[in-house]
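Written below as structure tokens is the structure these notes are about.
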Amino acid sequence: MAFWLMKSEPVTYGIHHLKAEGETLWDGVRNYQARNFLQTMAVGDQAFFYHSNCKPPGIVGLMTITAEQVVDPTQFDPASPYFDPKATLEKPRWFTVKASFTREFAQMITLSTLKAQFSPEELGVLKKGNRLSVLPVSPAIANRILELA
DNA sequence: GCCAACGTTGGC
DNA sequence: GCCAACGTTGGC
């Protein structure tokens, strides 16, 4: 079982949306490195839900991966902002996962708290200039994050 | 709103 | 294959 960190802007899709829905298809990732991480996810993996582009940013809860290697349907939808004209049904370009709500932390673990606890090497989201929306988290660091929650 | 970081595109 | 231009992310 692996741990991950997945970012979303709370205005667009926050943890309260996931809590209400129970499960979501994590669509719209259009970065190859992030996609490659998505493709290595397995059912049962745990992912920290990170709120980005808000005040303050931080980890707000935990999700569980419930489906792996899911073809992102938005790549075929011309009306979607995530439409990719180069993707075909025979050869899809974008894959993702389904994730279910597991828990919301009593209080957000803010970015500043994370920075105080971990080095950028320990936790990739702290690296300067990092823009990946899907990142791996080592089990040791994941356990330490869970102790903060 | 600013701007650093960085991925992508496209001309050559 | 190089690299300038451009667009996006995301913290501050």
Send over the distance from [X] [atom1] to [N] [atom2], rounded to a whole Å.
X	N	atom1	atom2	answer
A:R131	C:dC6	CZ	P	17 Å
A:Y32	B:dT9	OH	C1'	12 Å
A:R93	B:dG7	CZ	P	17 Å
A:L135	C:dG10	CG	P	10 Å
A:E9	C:dT8	CD	P	13 Å
A:L111	C:dC12	CG	C1'	10 Å
A:N31	B:dT9	CG	P	11 Å
A:L5	C:dT9	CG	P	17 Å

Requested in this report: Assert yes or no for the condition that the ring centre distance of A:W4 to A:F49 is strictly below 6.0 Å.
Outcome: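 That pair fails the under 6.0 Å test.
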Query raised in the report: Which residue, A:L146, A:V60, A:T64, forms the side-chain contact (heavy atoms from CB on, under 4.5 Å) with A:R103?
Result: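 When A:L146, A:V60, A:T64 are each tested with A:R103, the side-chain contact (heavy atoms from CB on, under 4.5 Å) holds only for A:L146.
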Report task. Assess whether side chain to side chain contact (heavy atoms under 4.5 Å, CB included) is satisfied between A:V97 and A:T66, documenting all intermediate values. Result -> CA-CA 7 Å; A:V97 296; A:T66 51; over 6 Å; no
**Report entry** Verdict with supporting geometry, A:F118 and A:L148, side chain to side chain contact (heavy atoms under 4.5 Å, CB included)
**Finding:** CA-CA 12 Å; A:F118 305 105; A:L148 297 172; 4.0 Å; yes
Requested in this report: Output yes when at least one side-chain N/O atom of A:Y50 is less than 4.0 Å from OP1 or OP2 of C:dT9, else no.
Outcome: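 No.
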Requested in this report: Please work out if A:K128 contacts a base, only the sugar-phosphate, or nothing of the nucleic acid, heavy-atom cut-off 4.0 Å.
Outcome: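 Result for A:K128 = sugar-phosphate.
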Requested in this report: Please work out if A:K127 contacts a base, only the sugar-phosphate, or nothing of the nucleic acid, heavy-atom cut-off 4.0 Å.
Outcome: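 It contacts nothing in the nucleic acid.
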Query raised in the report: Taking for each residue the nucleotide of DNA chain B with the nearest heavy atom, is it A:N130 or A:K86 whose nucleotide lies nearer the 5' end?
Result: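 Looking at DNA chain B, the more 5' nearest nucleotide goes with A:N130.
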